[in-house]
Q: 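Before we start, here is the structure in question, set down as structure tokens.
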Amino acid sequence: MNNRTMAVGAVALATAGFGLAQTSSADASGSRIRFDLQRSPGIAAAGCLPDAGGRVTVKHDGEVERMTIDAWGLPGNTEFDTFVIQVPNFPFGVSWYQGDLETNRAGRAHQEYVGRFNQETFAIAPNTAPAPTVHSSPTPDATTNPAFGPVHTFHIGIWFNSPADAAKAGCSGATTPFNGEHNAGVQVFNTAQFPATAGPLGTLEP
């Protein structure tokens, strides 16, 4: 360990499809963390995108954080959707749409998101209330929310924006609700090398 980095949230597990140790690290000031993305179980089982990988960096910037995602080994000129999620694999739990991630013609992507991505990242619904209905298909919007206490969301998930793009890449062509129109493709990346209740965003202190 050099004087710039120290290990936090000790995790070193061989991941499906990579066979590489995955860890989370933070700089000595505690203001930045870095961790890898791994292929989702469905992608790995299907044998598609064998060279896909990603890296996430989160750093403090005043009263917010900046989360940067770099990814590679993906189909060129293709859109994906990034979510902060409760647990990395199905059923995913509380999930918050952050924005898009688009590859260049070489299948590489770089995107920055601004928000709260630390130990205090959470969602809460003190009681039920009416909800806007924007989409009726293929996954209709709920017209009300369930009440729930504070739920922390410390994992990252990335989905194909289009089932057709997923099928073209040799992955499942199933439709999921993980984009702005609720007609996304399957999950590509997640952070399942971390325990379900101890995702990497939880290692960054506010």
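Treat the numbers as computed from the prediction; the structure is a model and nothing was measured.
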Q: Quick check for you: to the nearest 0.5 Å, what is the distance between Ile124 atom CD1 and His152 atom NE2?
A: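 Answer rounded to 0.5 Å: 9.5 Å.
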Q: Taking His155 for the side chain and Val87 for the main chain, is one N or O donor matched with an acceptor at less than 3.5 Å?
A: no
Q: Do His182 and Asp141 have side-chain atoms, one donor and one acceptor, less than 3.5 Å apart?
A: yes
Q: Is there side-chain contact between Phe80 and Ser162, with at least one heavy-atom pair below 4.5 Å?
A: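 They are not in contact (no side-chain heavy atoms under 4.5 Å apart), so the answer is no.
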Q: State, with a plain yes or no, whether a side-chain heavy atom of Leu49 is found less than 4.5 Å away from one of Cys171.
A: yes
Q: Calculate, to the nearest 0.5 Å, the distance between atoms CH2 and OG1 belonging to Trp96 and Thr121 respectively.
A: 7.0 Å
Q: Give the minimum heavy-atom separation between Ala147 and Pro126, together with the two atoms involved.
A: CB-O, 4.1 Å
Q: Should Ile33 and Ile158 be counted in the same cluster of Ile, Leu, Val, Met, Phe, Trp and Tyr side chains packed under 4.5 Å apart?
A: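 Yes: a chain of side-chain contacts under 4.5 Å links Ile33 to Ile158.
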Q: Verify the ring-centre separation between Tyr97 and Phe178: is it less than 6.0 angstrom?
A: no
Q: Asn104 and Asn77: side-chain donor and acceptor closer than 3.5 Å?
A: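 Distance-only check fails for Asn104 and Asn77.
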Q: For Pro88, does its backbone N or O pair with a side-chain atom of Gln187 as donor and acceptor, under 3.5 Å?
A: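 Side chain of Gln187 to backbone of Pro88: a pair is present.
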Q: I'd like to know if the side chain of Arg39 reaches the main chain of Cys48, judged simply by a donor and an acceptor atom lying under 3.5 Å from each other, with no hydrogens or angles considered.
A: yes
Q: Mind listing the closest non-hydrogen atom pair of Phe148 and Ala123 along with its distance?
A: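 Heavy atoms only, the tightest pair is CE1-O, 3.6 Å.
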Q: For Ala129, does its backbone N or O pair with a side-chain atom of Thr144 as donor and acceptor, under 3.5 Å?
A: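 Yes.
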Q: Does the pair Asp61/Arg66 count as a salt bridge with the N-to-O cut at 4.0 Å?
A: yes
Q: Looking at Gly53 and Phe189, what are the two nearest heavy atoms and their distance?
A: O-CZ, 3.5 Å
Q: Between Gln193 and Asp36, is the side-chain contact (heavy atoms from CB on, under 4.5 Å) condition met? List the steps.
A: CA-CA 9 Å; Gln193 71 269 30; Asp36 291 338; 4.3 Å; yes
Q: Hey, what do you get for OG1 (Thr68) to NE2 (His110), rounding to the nearest 0.5 Å?
A: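 Result: 5.5 Å between the selected atoms.
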Q: Drop me the distance from Arg34's CZ to Thr203's OG1, to the nearest 0.5 angstrom.
A: 12.0 Å
Q: Would you sort out whether Asn183 and Asn179 count as a side chain to side chain donor-acceptor pair (under 3.5 Å), showing the intermediate values?
A: CA-CA 6 Å; Asn183 59 0; Asn179 68 4; 2.9 Å; yes
Q: To the nearest 0.5 Å, what is the distance between CZ (Phe160) and CD1 (Ile43)?
A: 5.5 Å
Q: Run the numbers on Phe154 and Gln86 for side-chain contact (heavy atoms from CB on, under 4.5 Å), then give the verdict.
A: CA-CA 6 Å; Phe154 292 157; Gln86 181 181 338; over 6 Å; no
Q: Less than 4.0 Å between a side-chain N and a carboxylate O, is that true for Glu65 and Lys59?
A: no
Q: For Ile69 and Leu37: C-alpha separation, side-chain torsions, deciding distance, then whether side-chain contact (heavy atoms from CB on, under 4.5 Å) applies.
A: CA-CA 9 Å; Ile69 295 181; Leu37 295 168; 4.1 Å; yes
Q: Is there a path from Ile156 to Leu204 through hydrophobic residues (I, L, V, M, F, W, Y) whose side chains come within less than 4.5 Å of each other?
A: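 Result: yes, single cluster for both.
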Q: Starting from the C-alpha separation in whole Å, work towards a yes-or-no answer on side chain to side chain donor-acceptor pair (under 3.5 Å) for Asn89 and Asn190.
A: CA-CA 7 Å; Asn89 293 314; Asn190 65 27; 2.7 Å; yes
Q: Same cluster for Val84 and Phe35 if Ile/Leu/Val/Met/Phe/Trp/Tyr side chains link at under 4.5 Å?
A: yes
Q: Determine whether a donor-acceptor pair (N or O, by modelled atom type, separation under 3.5 Å) exists between the side chain of Asp100 and the backbone of Gln111.
A: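 Absent.
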Q: Give me each pair satisfying disulfide (SG to SG under 2.5 Å) with a member in residues 96-149, each pair once, sequence neighbours excluded.
A: none
Q: Within the side chain of Ser172, is there an N or O that forms a donor-acceptor pair under 3.5 Å with the backbone of Ala174?
A: yes
Q: Hey, does Val151 have a side-chain heavy atom less than 4.5 Å from the side chain of Phe122?
A: no
Q: Is Leu74 reachable from Tyr113 through a run of hydrophobic residues whose side-chain heavy atoms are each under 4.5 Å from the next?
A: yes
Q: Kindly say whether Gly202 contributes a backbone atom to a donor-acceptor pair with the side chain of Gln119 at under 3.5 angstrom?
A: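 Yes, Gln119 side chain to Gly202 backbone: donor-acceptor pair under 3.5 Å.
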Q: State yes or no: are the ring centers of Trp159 and Phe83 separated by less than 6.0 Å?
A: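 Yes: the rings meet the under 6.0 Å criterion.
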Q: Measure the CD-CE distance between Glu112 and Met67 for me, rounded to the nearest 0.5 Å.
A: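 Glu112 CD to Met67 CE: 10.0 Å, rounded to 0.5 Å.
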Q: Side-chain heavy atoms under 4.5 angstrom apart, residues restricted to Ile, Leu, Val, Met, Phe, Trp, Tyr: same cluster for Val186 and Leu101?
A: yes
Q: Under the 3.5 angstrom rule, does the side chain of Asn161 hit a backbone N or O of Ala184 as a donor-acceptor pair?
A: no
